[in-house]
There are 2 protein chains.
Amino acid sequence: MTRPVKPKSKTDILDLAIPLFAKSGYAGVSMRDIANVVGIKAASLYHHFPDKQSLYLQAMARAFEDKAQGFAEALTVTGTPKKRLAGFVQVFTTLMSKDPYFRLLLQRELLDGDEQRLKLLAREVFREPFIAMEELAEELVPGCDTHMVAMSIASLILYHLETAPIRRYLPGGKAKHNKPDVIADHVTRLLLNGLKGCSQ
Amino acid sequence: MTRPVKPKSKTDILDLAIPLFAKSGYAGVSMRDIANVVGIKAASLYHHFPDKQSLYLQAMARAFEDKAQGFAEALTVTGTPKKRLAGFVQVFTTLMSKDPYFRLLLQRELLDGDEQRLKLLAREVFREPFIAMEELAEELVPGCDTHMVAMSIASLILYHLETAPIRRYLPGGKAKHNKPDVIADHVTRLLLNGLKGCSQ
DNA sequence: GTCTATAGCCGGATAGAC
DNA sequence: GTCTATCCGGCTATAGAC
């Protein structure tokens with residue numbers, strides 16, 4: 001027979017805390033809230049973590065780890081620079097679309113993250129794919145400001161996802177506009193040909 | 001002689017609360033925090049507002065009112081469609097850049113806003129400029145998905161501002177990249193000619 | 001319109017039994 | 001590793017004096 005109560009590991013707790021922090025933010029989640037979803041008492045959390053901030057930081061680290069590897073897949077596309085851009089946008093959009101908790105935490109960290117956390121996020125998660133985008137930018141447009149181009153690519157993808165909750169209240173907003181394929185296609189056309197690439 | 005203590009009006013309180021909510025969010029600001037910056041005791045706030053949520057909602061309403069009018073200025077530019085796009089991007093970028101509290105509140109509402117608040121934001125603040133962008137899109141690219149194009153214009157401007165705190169930790173990120181003129185110029189070129197419009 | 005005082009709850013965190 | 005019990009401070013909100 002299995003034991004009636006299964007002891008929780010640190011990572012179990014973190015995995016259950018991540019959705020809470022994503023939905024309500026650091027100040028909006030209490031230790032009791034976390035304990036509730038884990039199925040233990042709040043005091044037991046202090047066996048695993050010295051305090052709430054430490055739990056939060058480790059939850060962030062876990063939510064962001066492996067992301068860099070996920071992004072690396074988006075860079076394996078080969079072919080002409082244009083094909084590679086299209087492939088990258090497609091894979092990156094799908095990836096971000098499928099992991100709403102990661103996206104929400106990213107949004108929250110941009111608002112509330114201190115220097116240390118933003119540095120970690122930039123260097124451990126986004127550095128590699130960002131450099132790949134910059135290299136692609138340099139190939140497509142020699143001499144361009146690669147940083148601005150890479151950021152613009154990310155902007156188009158991520159803001160279309162970020163604004164999903166308000167889209168239906170804006171003129172012309174339909175449910176289909178939140179689909180990763182629709183977004184990726186639109187973004188790719190816009191990047192490659194400007195607005196005139198967006199004709200139907 | 002002036003009175004030693006100047007009674008505070010509702011709008012005085014709201015104007016002082018707005019920066020707090022922008023910086024720390026609803027859950028991150030207490031009635032005592034607000035009372036502190038106003039220079040009164042927390043209990044006195046309940047003379048002006050029935051509860052914290054009501055204060056917050058009125059602060060949002062005030063932070064967002066007049067914004068639609070501000071945006072209307074961005075639409076007064078005349079000339080060819082391309083000139084008008086360039087003008088709109090320039091004015092909109094400068095406007096959003098100069099009002100960081102509004103931008104932060106917008107970011108927070110996209111994360112935490114309920115249906116009612118998002119509806120208000122969409123209809124009272126962004127509807128007009130959004131429609132203007134859509135009309136411009138239709139002129140520039142007849143038959144395009146005007147909603148997606150308008151959202152992409154906003155994406156490029158707003159995400160460059162939203163990512164300002166992390167930019168310096170990303171490859172190639174410089175302080176100049178956060179300047180409204182640099183962003184507006186980059187975004188305009190990208191929109192009009194795609195990536196190849198971004199050559200230096 | 002603001003104050004003091006306080007109710008009542010919920011927050012993070014600790015001590016010590018099992 | 002989890003529990004019960006508890007401390008204590010901060011929170012929203014109310015009552016009533018000035």
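Reckoned from all heavy atoms, side chains included, excluding hydrogens, waters and symmetry mates. Residue numbers start from 1 in every chain, and the chains themselves are labelled A, B, ... in the order their sequence lines are given, proteins ahead of strands.
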Tell me: [atom1] of [X] to [atom2] of [N], nearest whole Å?
X: B/Gln53; N: D/dC11; atom1: CD; atom2: P; value: 18 Å
X: B/Asp51; N: D/dC11; atom1: CG; atom2: P; value: 17 Å
X: A/Lys52; N: D/dG9; atom1: NZ; atom2: C1'; value: 15 Å
X: B/Ile40; N: C/dT4; atom1: CD1; atom2: C1'; value: 14 Å
X: A/Lys41; N: C/dG12; atom1: NZ; atom2: P; value: 15 Å
X: A/Phe49; N: D/dG1; atom1: CZ; atom2: C1'; value: 13 Å
X: A/Met31; N: D/dT2; atom1: CE; atom2: P; value: 13 Å
X: B/Tyr46; N: C/dT2; atom1: OH; atom2: C1'; value: 15 Å

- prompt: Angle class for the A/Tyr159/B/Tyr159 ring planes (parallel below 30°, perpendicular above 60°, tilted otherwise)?
  reply: perpendicular
query: Can you tell which of B/Lys82, B/Lys83, B/Arg84 makes a salt bridge (charged side-chain N to carboxylate O under 4.0 Å, His left out) with B/Glu139?
result: B/Arg84
OP1 or OP2 of [N] versus the side-chain N and O atoms of [X]: is any pair under 4.0 Å?
X: B/His48; N: C/dT2; value: yes
X: B/His47; N: C/dG1; value: yes
X: B/Ser30; N: D/dG10; value: no

- prompt: Do B/Lys67 and B/Phe126 meet the cation-pi criteria used here (NZ or CZ under 6.0 Å from the six-membered ring centre, within 45° of the axis)?
  reply: no
message: Applying a 4.0 Å non-hydrogen cut-off, can you work out what A/Val29 is touching in the nucleic acid: base, sugar-phosphate, or nothing?
response: sugar-phosphate
message: At 4.0 Å (heavy atoms only), tell me whether B/Ser44 reaches a base, stays on the sugar-phosphate, or touches nothing.
response: base
- prompt: Do A/Arg32 and C/dG12 share a donor-acceptor pair, side chain to base, under 3.5 Å?
  reply: yes
message: For A/Arg103, is the CZ atom crowded, meaning more than 12 foreign heavy atoms sit under 6.0 Å from it?
response: yes
task: Please tell me which of the listed nucleotides, D/dT14, D/dA5, D/dC11, lies nearest to the side chain of B/Ala43?
output: D/dT14
query: Can you name the residues that form a side chain to side chain contact (heavy atoms under 4.5 Å, CB included) with B/Val29, not counting sequence neighbours?
result: B/Leu20, B/Phe21, B/Ser24, B/Asp33, B/Ile34
